[in-house]
Amino acid sequence: MGELGAFLKIERVGVPYRDATQRIKDYEEFLVRRSDEELAGQGARCMECGVPFCHNGCPLGNLIPDWNDLVYRDRWQDAIVQLHATNNFPEFTGRLCPAPCEAACVLEIREGDAVAIKQIENSIIDRAWEEGWVTPMPPKRETGRSVAVVGSGPAGMAAAQQLRRAGHGVVLFERDESAGGLVRFGVPDFKIEKRVVQRRVEQLIAEGVEVRCGVDVGVDVTADELRDRFDAVVLATGSRAPRDLPVDGRDLQGVHFAMEYLYDRNRWVATQTGTPTGVPAPAPLGLTAAGKHVVVIGGGDTGADCVGNSLREGAASITQLELLPEPPAHRPDERTPWPLWPQKFRLSYAMDEARTAGRGEQDFSVVTTHFSGDADGHVRALHHAEAEAAPPFAPVAGTEGELQADLVLLAMGFLHPEQDLLDALGVAKDQRGNAKAVRPYTTSVDGVFAAGDARRGQSLIVWAINEGRQCARMVDRHLGELEADVPTGNLEDADGGPDGPPVHVGPGVPA
């Protein structure tokens with residue numbers, strides 16, 4: 001373990017950000033890396049508990065106490081080996097994961113005192129790239145089997161990498177111009193610069209994964225062609241059908257889904273940074289928040305990213321609306337006791353920026369009743385009321401109000417994967433419209449598998465990577481069963497039980 005009793009002597013320090021007044025002037029990452037000495041001190045605070053609840057908090061089953069101790073002992077190269085043992089892309093999770101591991105840390109029993117796991121993880125992988133410790137790991141043998149992975153988000157990338165390292169031929173299909181999914185096009189550069197995503201794509205290519213961008217599976221390549229050409233298909237298309245707001249005035253100009261705006265902004269930033277793309281990008285939609293009164297409906301991460309982009313564009317004002325009541329300031333033990341993820345208020349990085357700039361506010365328990373516009377059909381006002389505290393969150397009479405709005409962004413989450421490809425393949429769906437797994441990661445169609453948000457619904461990036469890894473194990477097993485003389489060697493007998501592979505811990509397919 002780290003230093004004996006260090007958690008009593010060394011205080012936790014959170015993830016440092018660049019000053020809000022400065023970072024809103026550019027699109028560069030706002031995370032600041034601490035010195036190795038500071039990180040060693042934070043690693044020393046880890047108690048390596050007899051029952052490390054951080055493992056349960058992490059869907060990937062990361063070996064957190066192990067690499068905390070290695071950082072404390074200045075054994076960074078060993079730390080990245082331990083980190084990569086369970087996580088293909090720790091620089092993604094280190095930047096974008098909300099860190100449920102920290103919420104489950106034993107030190108978090110005293111709220112706000114958890115080990116700084118997330119920034120240690122991020123620093124390990126950043127240093128590994130700087131030192132040249134991250135290199136392609138092509139397979140040592142070829143199986144002769146082929147797999148199509150549809151969707152190049154974190155789940156698809158993880159599945160493709162694990163299957164390729166097992167020796168299978170892998171083609172990764174992406175309908176957008178670049179691989180990365182929403183990490184590439186939904187999350188702004190100031191949270192994760194796209195060079196960070198691109199170098200992982202290049203690693204996949206160097207390992208032998210064929211990445212085909214600009215290919216819409218189901219349109220450019222039919223479902224039948226996919227089944228005929230490949231021994232297995234992995235659906236990792238994400239949960240991309242956005243939740244709409246069916247109120248009067250929804251069809252006015254200036255009311256858009258959040259992803260329409262975020263895709264436009266990320267593509268514009270890519271032209272400024274020169275980040276390479278697989279194929280030419282489509283024409284921009286021309287959405288802009290510059291000089292406008294912006295209203296963002298939805299209080300999650302997607303809504304925050306809309307706020308951050310609008311602020312950097314120079315919006316006149318930004319209002320973020322949340323349907324639910326404002327959470328309490330501290331962990332409500334009667335609702336989400338430790339080690340569960342606490343349902344408490346967290347000020348987003350974006351609203352902190354907007355408040356600092358004097359151009360933003362966030363309101364809770366607000367239901368939108370309708371929109372109104374001008375003679376040209378453009379939205380000019382959002383009409384709202386106070387929402388009741390419980391579903392269906394109906395408007396409270398006598399609380400009506402109006403907000404000036406030139407641009408309205410709907411960031412209310414996602415419903416399910418787009419249905420056309422599932423229907424074309426004949427894949428059974430669950431009640432929510434997700435691909436239904438009749439066995440772990442195995443759909444109703446033989447040889448077709450599903451992973452990530454397409455299977456489990458909208459979730460965290462750590463769940464996406466975990467699902468991609470575990471799905472790869474099931475695909476590898478399937479390919480091994482097609483012909484007895486095709487060895488795979490990456491599955492233990494214990495994985496063959498009725499529940500399949502473990503839910504949390506997933507060592508994945510070895511090279």
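A salt bridge between R175 and E418 is present, with a side-chain N of the basic residue lying under 4.0 Å from a carboxylate O of the acidic one. E142 and R164 are joined by a salt bridge, as a carboxylate oxygen and a charged side-chain nitrogen come within less than 4.0 angstrom of each other. Under a 4.0 Å N-O distance rule, the pair R33/D126 does not qualify as a salt bridge. Between R456 and E467 there is a salt bridge, since at least one side-chain N of the basic residue sits less than 4.0 Å from a carboxylate O of the acidic one. Ion pairing of R212 with E210 is present here, as a side-chain N (NZ or NE/NH1/NH2) and a carboxylate O approach within less than 4.0 Å. A salt bridge links R267 to D176: at least one charged side-chain nitrogen sits closer than 4.0 Å to a carboxylate oxygen. R265 and D305 are not joined by a salt bridge, as no carboxylate oxygen comes within less than 4.0 angstrom of a charged side-chain nitrogen.
To the nearest 0.5 Å, the span separating OG1 on T143 from CG on D476 amounts to 8.0 Å. Atoms CG and CD1, from N68 and I124 in turn, are 7.0 Å apart once rounded to the nearest 0.5 Å. The CG atom of D420 sits 11.0 Å away from the CG atom of L425 when rounded to the nearest 0.5 Å. Rounding to the nearest 0.5 Å gives a distance of 13.5 Å between OG1 of T442 and NZ of K436. Within the model, atoms CG of L409 and CG of L287 stand 8.0 Å from one another, a figure rounded to the nearest 0.5 Å. Atom CH2 of W133 sits about 8.5 Å away from atom CD1 of I80, to the nearest 0.5 Å.
The cationic atom of R200 (NZ for Lys, CZ for Arg) does not lie both less than 6.0 Å from the six-membered ring centre of F92 and within 45° of the ring axis. A cation-pi arrangement, defined by a distance under 6.0 Å to the six-membered ring centre and an angle within 45 degrees of its axis, is absent between R127 and W67.
Counting only distance, with no hydrogens or angles, the side chain of R331 and the backbone of A103 share a donor-acceptor pair below 3.5 Å. No donor-acceptor pair under 3.5 Å is formed between the side chain of T222 and the backbone N or O of G218. Listed for the D264 side chain is no donor-acceptor partner under 3.5 Å among the backbone atoms of P284. Between the side chain of E177 and the backbone N or O of T277 there is no donor-acceptor pair closer than 3.5 Å. The backbone N or O of G180 lies less than 3.5 Å from a partner atom in the side chain of S152, making a donor-acceptor pair. In terms of modelled atom types and a separation under 3.5 Å, the side chain of E207 and the main chain of Q161 share no donor-acceptor contact. The backbone N or O of V448 lies less than 3.5 Å from a partner atom in the side chain of T443, making a donor-acceptor pair. Panel note: side chain D430, backbone G433; a donor-acceptor pair is recorded below 3.5 Å. Side-chain N or O atoms of R145 include none that pairs as donor or acceptor with a backbone N or O of H168 at under 3.5 Å. No side-chain donor-acceptor contact under 3.5 Å links E108 to the backbone of C105.
In the displayed structure, K429 atom NZ is contacted under 6.0 Å by more than 12 heavy atoms of other residues, nucleotides or ligands. Sparse packing is recorded around CG of D301, with 12 or fewer heavy atoms of other residues, nucleotides or ligands lying under 6.0 Å away. More than 12 heavy atoms of other shown residues, nucleotides or ligands fall within 6.0 angstrom of atom CZ in R199. More than 12 heavy atoms of other residues, nucleotides or ligands lie within 6.0 Å of CD in E130, so this atom counts as buried by the packing criterion.
The ring of Y27 has its center closer than 6.0 angstrom to the ring center of W268. Separation of the F449 and Y441 ring centroids does not fall under the 6.0 Å cut-off.
You'll find the side chain of K191 reaches within 4.5 Å of the side chain of L96, heavy atoms only. Contact of the H256 side chain with the L285 side chain is not registered, since no non-hydrogen atoms from C-beta on lie closer than 4.5 Å. Counting only heavy atoms from C-beta outward, the side chains of V234 and V150 never approach each other to under 4.5 Å. In this structure, V462 and N466 have side chains that are not in contact, with every pair of non-hydrogen atoms separated by 4.5 Å or more. R250 has its side chain within reach of L410: a pair of non-hydrogen atoms, C-beta onward, lies under 4.5 Å apart. Q77 places none of its side-chain heavy atoms less than 4.5 Å from the side chain of E131. Proximity of V296 to L321: side-chain heavy atoms (C-beta onward) are nowhere separated by under 4.5 Å. A 4.5 Å side-chain heavy-atom check between F53 and C101 finds every atom pair outside the cut-off.
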Please report the C-alpha distance between F364 and F345 in whole Å, then the side-chain angles of each, then the deciding distance to 0.1 Å, and finally whether the side-chain contact (heavy atoms from CB on, under 4.5 Å) criterion is met. CA-CA 11 Å; F364 294 86; F345 176 74; 3.7 Å; yes
Quick one, F230 with V147, criterion side-chain contact (heavy atoms from CB on, under 4.5 Å). Give me CA distance, side-chain angles, the key distance, then yes/no. CA-CA 5 Å; F230 295 94; V147 184; 5.6 Å; no
Show, in sequence, the C-alpha distance, side-chain angles and deciding distance for Q198 and R184, and conclude whether the side-chain hydrogen bond (donor to acceptor under 3.5 Å, both in side chains) test is met. CA-CA 9 Å; Q198 182 61 26; R184 187 95 179 213; 2.9 Å; yes
Would you please test L60 and I465 for side-chain contact (heavy atoms from CB on, under 4.5 Å) and show each step? CA-CA 7 Å; L60 281 163; I465 297 174; 3.7 Å; yes
Between E322 and I297, does the side-chain contact (heavy atoms from CB on, under 4.5 Å) criterion hold? Intermediate values first, please. CA-CA 6 Å; E322 171 57 62; I297 302 178; over 6 Å; no
Between Q42 and Q119, does a side-chain hydrogen bond (donor to acceptor under 3.5 Å, both in side chains) hold up when you go through it step by step? CA-CA 9 Å; Q42 292 302 300; Q119 63 179 306; 5.2 Å; no
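Across all their heavy atoms, P242 and L415 have their closest contact at O-CD1, 4.0 Å. Closest heavy-atom contact between G57 and A104: CA-CB, 3.9 Å. Between C54 and I117 the shortest heavy-atom distance is CB-CD1, 4.2 Å. Pairing each heavy atom of L163 with each of A472, the nearest pair is CD2-O, 3.5 Å. Nearest heavy-atom pair across L226 and A148 is CD1-CB, 3.9 Å. The shortest heavy-atom contact between W76 and V71 is CZ2-CG1, 3.8 Å.
Donor-acceptor pairing under 3.5 Å is recorded for the side chains of N62 and T86. Using modelled atom types, one finds no donor on one side chain facing an acceptor on the other under 3.5 Å when comparing Q458 with D453. Side-chain polar atoms of N87 and E121 form a donor-acceptor pair below 3.5 angstrom. For the 3.5 Å distance criterion, the side chains of N122 and E91 fail to qualify, holding no donor opposite an acceptor.
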